[in-house]
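Presented below is the structure to which this report refers.
These numbers come from the heavy atoms of this one structure, side chains and all, not from hydrogens, waters or symmetry mates.
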Amino acid sequence: MCATVADLSAHDRSALVWHFPHSVAFVGPWQFYTGYCLLASRAHSSELSQLGTNRAAFLGEMAILAEAIESCFAPHKLNYELLGNVVPHLHWHIFPRTADDPERLQPVWLALERAKTDPAEKHRLETGTVPPDKVRERLREWLTANNAPRRKES
């Protein structure tokens with residue numbers, strides 16, 4: 001995840017899903033949770049309360065991305081995380097959870113913490129049933145077909 005939206009050019013562009021007017025969506029690295037995405041605010045804020053008049057639009061874009069994930073990958077449940085403890089810039093983690101996930105009743109972060117020291121766990125969590133480029137492609141197709149808002153090019 002990039003530290004600020006200004007760092008987007010440094011972020012891996014192959015992960016880019018969509019340029020919304022108030023945010024940017026990326027495919028996340030942990031594709032064991034097939035469809036996992038990050039949504040970063042274009043405006044730098046560390047708290048949702050700081051977005052002012054753009055807050056509703058940012059939340060709306062998060063909901064549209066969530067709908068795309070649900071439609072494309074049919075998870076049992078979506079987990080939404082807006083933390084900012086490590087990167088103090090507004091960004092959502094949207095984790096699709098499946099009914100057969102052996103740890104479906106636990107927070108994703110416990111498995112991600114294990115991945116820091118266990119190469120096999122890291123590989124398991126990075127490997128999903130759908131390759132990341134196909135995840136990105138399916139989400140883009142859905143967002144296009146459903147007229148998701150895009151940032152206007154200047």
Side-chain angles (χ1 to χ4, degrees), residues 1-45 47-84 86-87 89-109 111-112 115 124-154:
M1 178 64 212
C2 52
T4 67
V5 174
D7 295 334
L8 288 176
S9 60
H11 191 74
D12 179 4
R13 293 303 208 171
S14 68
L16 179 67
V17 173
W18 200 258
H19 285 282
F20 287 103
H22 300 279
S23 61
V24 180
F26 298 95
V27 170
W30 309 110
Q31 287 303 309
F32 171 78
Y33 309 100
T34 304
Y36 163 52
C37 287
L38 295 145
L39 184 74
S41 172
R42 289 185 181 280
H44 179 64
S45 295
E47 301 300 333
L48 191 57
S49 60
Q50 296 169 356
L51 283 181
T53 60
N54 291 329
R55 181 175 44 226
F58 178 60
L59 291 171
E61 291 167 2
M62 182 270 309
I64 292 167
L65 179 61
E67 187 177 356
I69 295 167
E70 289 174 301
S71 295
C72 291
F73 304 107
H76 175 71
K77 177 73 177 93
L78 287 182
N79 291 170
Y80 301 81
E81 298 277 351
L82 178 65
L83 302 170
V86 175
V87 179
H89 179 87
L90 284 178
H91 62 283
W92 286 101
H93 295 264
I94 305 174
F95 286 102
R97 304 298 295 269
T98 59
D100 64 348
D101 177 349
E103 298 178 292
R104 72 183 173 280
L105 300 179
Q106 297 180 13
V108 167
W109 302 107
L112 299 183
R124 178 183 81 91
L125 293 174
E126 290 176 334
T127 308
T129 57
V130 180
D133 61 327
K134 296 295 181 196
V135 168
R136 184 184 68 247
E137 183 180 313
R138 285 168 66 177
L139 290 170
R140 283 180 179 172
E141 287 173 0
W142 188 95
L143 291 162
T144 299
N146 288 276
N147 299 310
R150 285 186 189 255
R151 180 179 186 190
K152 292 185 174 128
E153 300 302 320
S154 39

Using the test side chain to side chain donor-acceptor pair (under 3.5 Å), find all partners of Trp142 that sit at least two apart in sequence or belong to another chain. Ser71

Give the minimum heavy-atom separation between His91 and Leu38, together with the two atoms involved. CD2-CD2, 4.2 Å

Taking side chain to side chain donor-acceptor pair (under 3.5 Å) as the definition, give me every residue that meets it alongside Tyr36, ordered by chain and number, with sequence neighbours left out. His93

Does Arg150 have any side-chain contact (heavy atoms from CB on, under 4.5 Å) partners at least two apart in sequence or in another chain, and if so, which? Trp18, Thr144

Less than 4.0 Å between a side-chain N and a carboxylate O, is that true for Arg138 and Glu141? no

Sequence neighbours left out, cut at 3.5 Å: what donor-acceptor pairs do the side chains of residues 73-82 make with other protein atoms?
residue	atom	partner	partner atom	Å
Asn79	OD1	Arg97	NH1	3.0
Glu81	OE2	Trp109	NE1	3.4

Would you call Arg42 and His19 a side-chain contact if the rule is heavy atoms closer than 4.5 Å? yes

Is there a salt bridge (charged side-chain N to carboxylate O under 4.0 Å, His left out) between Glu137 and Arg140 once you walk through the steps? CA-CA 5 Å; Glu137 183 180 313; Arg140 283 180 179 172; over 6 Å; no

Partner set under side chain to side chain donor-acceptor pair (under 3.5 Å) for Asn147, not counting sequence neighbours: none

One should read off an interatomic distance between Leu90 CG and Asn54 CG, to the nearest 0.5 angstrom, of 11.0 Å

Would you give me the side-chain donor-acceptor pairs under 3.5 Å for residues 22-29, sequence neighbours excluded?
residue	atom	partner	partner atom	Å
Ser23	OG	Glu61	OE1	2.6

Residues Phe20, Ile64; criterion side-chain contact (heavy atoms from CB on, under 4.5 Å); working and verdict: CA-CA 10 Å; Phe20 287 103; Ile64 292 167; 4.0 Å; yes

Taking Ala148's backbone N and O only, do any of them form a donor-acceptor pair with Asn146's side chain (distance below 3.5 Å, no angle check)? no

Looking at every non-hydrogen atom in both residues, tell me the closest pair between Tyr33 and Ala111 and how far apart they are. OH-CB, 3.8 Å

Taking C-beta and beyond as the side chain, do Leu59 and Leu48 meet within less than 4.5 Å on heavy atoms? yes

Reported OG1-to-CZ distance for the pair Thr34 and Phe95, which is rounded to 0.5 angstrom: 12.5 Å

Please evaluate residues Trp30 and Leu112 with respect to the criterion side-chain contact (heavy atoms from CB on, under 4.5 Å), reporting the C-alpha separation (whole Å), side-chain torsions for both, the decisive distance (0.1 Å), and the verdict. CA-CA 8 Å; Trp30 309 110; Leu112 299 183; 3.4 Å; yes

